[in-house]
Amino acid sequence: MKTLLTFLRKNVRDYGILIALIVIIVFFQNTTNGILLRPINITNLVLQNSYIVIMACGMLLVIVAGGIDLSVGSVAAFIGAVAAVFMVRYNMHWFLTIVLSLILGGLIGAFQGYWISYAKIPAFIVTLAGMLIFRGLTLVMLQGEAVGPFAVPFQRLSSGFIPDFFNYDGFHVTTVLIGVIFSVLIVVIDLINRSKQKKYGFEVLPFYLMVVKNLLIVGAVLGLCWLMASYKGLPTVMIILFVLIILYTFVTSQTVIGRRIYAMGGNVKAAMLSGVNTERLYFLTFVNMGVLAALAGLIVAARLNVATPKAGDGFELDVIAAVFIGGASATGGIGKIIGAVVGAFMIGVMNNGMSIMGIGIDWQQAIKGIVLLLAVLFDVYSKKKIQ
Amino acid sequence: MSDVILEMRNITKVFPGVKALDNVSFSVREGEIHALVGENGAGKSTLMQVLSGVHPYGSYEGTIYFKGKECQFRNITQSEDVGLVIIHQELALVPFLSIVENLFLGNEQGKNGIIDWNKAVSMSEGLLEKVGLEEAPATLVKDLGVGKQQLVEIAKALAKEVQLLILDEPTASLNDSDSEKLLDLLRQFRENGISSILISHKLSEVLKVADSITILRDGATIETLDCRKDEITEDRIIRGMVGRDLTHRFPERDVKIGKTIFEVKDWNVYHPLQEDRKVSDDINLYVREGEVVGVAGLMGAGRTELAMSIFGRSYGKDISGKAFKYGEEIDVSTIQKAIAHGIAYATEDRKAYGLVLIHPIKDNISIANLASVSNYGVIEDPKEFSMVREFRDMLDIRCSSVLQLALNLSGGNQQKVVLSKWLFANQDILFLDEPTRGIDVGAKYEIYTIINQLASEGKGIVLLSSELPELLGICDRIYVMSKGKIVAEMKASDATQEKVMKHIMNNTR
Ligand SMILES: Nc1ncnc2c1ncn2[C@@H]1O[C@H](COP(=O)(O)OP(=O)(O)OP(=O)(O)O)[C@@H](O)[C@H]1O
Ligand SMILES: [Mg+2]
């Protein structure tokens with residue numbers, strides 16, 4: 001029992017947000033009379049809030065590197081508008097449009113990154129300007145009107161589901177299968193890590209706790225897949241999210257480039273004097289952010305089946321909030337992808353839950369603000385405890 | 001026998017994973033200079049942080065009596081209120097504020113939140129005079145040298161009507177004459193009844209001023225020596241600190257010097273802000289395989305600036321001159337290129353330039369050579385861990401694990417991490433800038449041994465140091481720098497402290 005307590009105390013920061021997420025889910029599950037966790041609603045929740053998760057992956061890197069990007073909402077809207085104009089006005093093929101849009105997103109990121117990294121203008125100012133510029137350009141692009149609808153294959157980007165290879169009436173077997181494979185992978189990776197850590201003399205979780213942890217995770221994954229399977233199966237977007245989450249977790253925790261980004265955010269001068277090309281690296285984090293903002297813009301446009309001048313309004317706030325709720329440090333050098341993702345789901349659940357309850361957008365904003373404040377407060381407090 | 005002004009009884013302080021202080025008792029008499037010595041990580045800074053409320057009451061065990069009253073400080077302000085002022089290992093002045101503003105920061109002179117600047121300025125003049133600092137009160141702190149900044153810190157303490165002054169390694173980054181001034185000041189305070197606690201790794205100065213010496217080892221009090229009663233020697237203190245005799249200060253070595261490995265010719269560097277100020281003036285310098293070359297000079301002679309400008313132009317403007325490796329010209333215009341050519345620069349300023357304090361020791365050590373522990377850009381954890389651990393053991397970095405944050409290491413151990421980073425990078429031309437600053441005598445010996453070993457592997461080492469005995473003890477050849485110029489070059493075997501100082505003095509006027 002004592003080990004459990006000390007373990008929890010040491011790791012409050014890692015598990016704190018997860019517990020907060022569960023609390024919020026339980027809360028909304030109650031207040032919405034169980035609507036929250038209905039298969040159809042979970043599917044909607046994921047579709048509606050996927051943009052937060054996608055952009056949080058990029059924003060985490062930017063914030064860890066010591067920057068911030070306020071322009072992502074406008075950039076997403078702008079890319080949505082460009083894609084819409086390409087496809088609707090110029091009849092461009094949907095696939096080519098996606099490719100060009102992602103490239104354009106990268107270029108926008110490069111444009112902002114250049115001023116920030118090489119001309120040394122603070123990121124806050126450059127991206128504030130970017131926020132205005134690309135919102136304005138969105139209006140120009142759309143000439144003030146909504147442009148749509150799009151070809152069906154493009155719409156699938158956000159409203160499609162993975163095909164089922166086993167025709168079983170009313171139940172999506174492939175989804176459950178994917179869930180099982182995924183669960184096995186999680187457990188195997190965890191076991192491998194554990195034996196590695198043991199070999200190198202680290203403190204590891206007591207065995208029973210590890211079992212409990214894995215049961216909880218596997219339970220959550222399988223439960224989710226089961227729910228999804230009884231509706232239409234896994235949405236395509238969900239697959240995109242999984243791929244991104246795994247990719248970015250890997251990059252941040254296992255690669256040289258990831259390590260260098262953290263070092264740069266933690267102390268630019270020390271990183272520079274250790275041979276890290278800090279200017280280029282900082283620049284690249286903004287390019288990456290631009291690409292992900294473009295992807296989010298495409299998915300949002302695909303879901304609404306129309307590009308509007310107001311699209312993406314306030315997205316930057318949700319994304320930045322998600323990253324900070326997830327435990328990233330505002331001064332750089334600290335933060336985890338998994339934290340940002342959990343933060344993103346927290347915002348997503350709140351958005352969705354409050355909408356079901358019929359809470360107006362005004363109160364939604366206020367409540368999200370308070371949650372952000374509490375999350376950061378908790379983080380500061382737990383850091384003090386540790387020291 | 002004078003009265004006891006401070007008594008700390010049975011202090012125990014535990015950090016996650018380390019017992020930094022274990023039942024330590026420590027007392028200071030009124031009007032004495034009490035030195036606190038011990039190896040890196042022995043717990044000296046921690047003890048003083050407990051005393052001054054940095055670690056608040058409740059986070060440690062034991063009792064503190066100051067002037068007979070029990071104290072339970074919850075923060076620094078409370079300890080300052082009773083006249084206990086600490087000057088930390090790292091200075092805590094605000095660089096862009098003036099001397100007056102710094103002097104009264106947190107202790108503003110005035111009423112109802114409105115500062116009375118006239119009063120402040122006139123008070124500051126008195127204080128500056130007391131510490132012997134001849135600068136206008138409106139001077140910005142960033143324009144002062146370290147020695148003068150140190151004096152400002154002390155004047156700041158005087159402004160708070162200090163009764164017990166605590167100095168944590170105040171002379172670590174001062175040159176000899178500034179150190180001497182500071183010690184004089186402490187003596188003068190003693191006359192006026194102000195007691196001081198002095199933490200230092202420079203045992204010669206400890207012997208010069210201290211009335212008593214307390215030795216800490218591994219978080220426990222070993223003994224307290226009374227300098228007024230007994231004749232104390234450096235060897236006596238060292239024996240207490242490391243628990244054994246240290247017969248030699250400098251390890252022996254077989255010198256085997258080979259070809260010239262690195263050379264700079266006609267190297268000129270200008271100050272980054274003041275465009276016509278030359279900080280390196282026509283420097284010609286070389287180092288051979290297996291050679292340890294020292295660069296002597298006073299604070300501000302331009303040694304760090306020279307080394308950094310060679311290391312990928314990380315300092316200075318309008319840099320001209322040529323660099324050669326094995327006689328061939330090389331391009332060292334960026335840090336990446338300099339590193340690729342095998343050059344390393346281990347900084348003297350560990351906090352600002354050397355470490356990512358919020359990251360673990362492991363990440364700090366491996367950052368300059370991630371290539372050696374990765375495959376196609378993917379880091380191999382096991383390899384990284386085992387290599388980092390090797391270096392930790394080699395330099396005896398005192399930590400609970402290599403995952404401990406650099407932030408939580410003692411000053412000397414942080415210095416060792418910076419050094420490990422460049423040893424890990426496996427370069428063959430090493431510029432070591434004050435590598436033993438803040439390092440205890442025992443560990444110094446180990447670092448010299450490592451330098452010798454690097455030399456015996458055929459690497460070229462350039463050692464920048466303000467400690468002349470150190471340069472004379474381990475170098476083969478010494479350059480003397482003054483005001484950005486190399487004013488002399490001599491074989492270490494021909495050099496003496498007097499000779500080096502003479503060259504410096506002749507060229508400062
Ligand atoms: N905040 C902290 N968290 C964890 N460990 C700490 C913390 N602060 C200090 N320590 C540990 O406590 C021990 C004593 O450190 P301290 O700074 O008091 O040493 P020191 O005697 O001042 O050494 P130095 O001469 O190197 O400055 C060290 O092992 C250090 O790693
Ligand atoms: Mg210390």
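Both backbone and side-chain heavy atoms feed into the values below; hydrogens, waters and symmetry mates do not. Naming convention: chains lettered A, B, ... in sequence-line order (proteins, then strands); numbering from 1 in each chain.
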*Assess the pair B/Phe391 and B/Phe424: is the distance between their ring centroids shorter than 6.0 Å?*
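Between B/Phe391 and B/Phe424, the centre distance is under 6.0 Å.
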
*Does the ring centre of B/His55 sit less than 6.0 Å away from the ring centre of B/Phe73?*
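B/Phe73 vs B/His55: aromatic centres not under 6.0 Å.
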
Go through the atoms of [X] and report whether side chain, backbone, both or neither lie under 4.5 Å from a heavy atom of chain A.
X        : answer
B/Ser366 : side chain
B/Lys351 : backbone
B/Ala371 : neither
B/Glu384 : side chain

*Return the minimal non-hydrogen interatomic distance between B/Leu409 and B/Cys399, and the atom names on each side.*
CD2-CB, 3.9 Å

*Of the listed residues (B/Tyr353, B/Phe311, B/Tyr345), which shares the most heavy-atom pairs with chain A below a 4.5 Å separation?*
B/Tyr353

*asked:* Please identify, among B/Ile339, B/Ile367, B/Leu357, B/Asp349, the residue contributing the most non-hydrogen atom pairs under 4.5 Å to chain A.
replied: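 Among B/Ile339, B/Ile367, B/Leu357, B/Asp349, the one with the most close pairs to chain A is B/Ile367.
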
Interchain contact, [X] with chain B, by part (heavy-atom threshold 4.5 Å):
X        : answer
A/Phe250 : side chain
A/Val251 : neither
A/Met272 : both

_Qualifying residue for ring-ring contact (aromatic ring centres under 6.0 Å, His included) with A/Phe283, from A/Tyr114, A/Phe111, A/Tyr118_ = A/Tyr118

_Testing the 3.5 Å rule here: is there a donor-acceptor pair between the side chains of A/Asn288 and A/Tyr248?_
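Yes, because at least one side-chain N or O of A/Asn288 sits under 3.5 Å from a partner of the opposite role on A/Tyr248.
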
*Mind checking the NZ-CG spacing from B/Lys421 to B/Asn369? Nearest 0.5 Å is all I need.*
12.0 Å

*Pick from A/Gly275, A/Ser253, A/Gly265: which one has the most heavy-atom pairs with chain B under 4.5 Å?*
A/Gly275

*asked:* Check the orientation of B/Phe431 and B/Phe262. Use parallel for under 30°, tilted for 30 to 60°, and perpendicular for over 60°.
replied: perpendicular

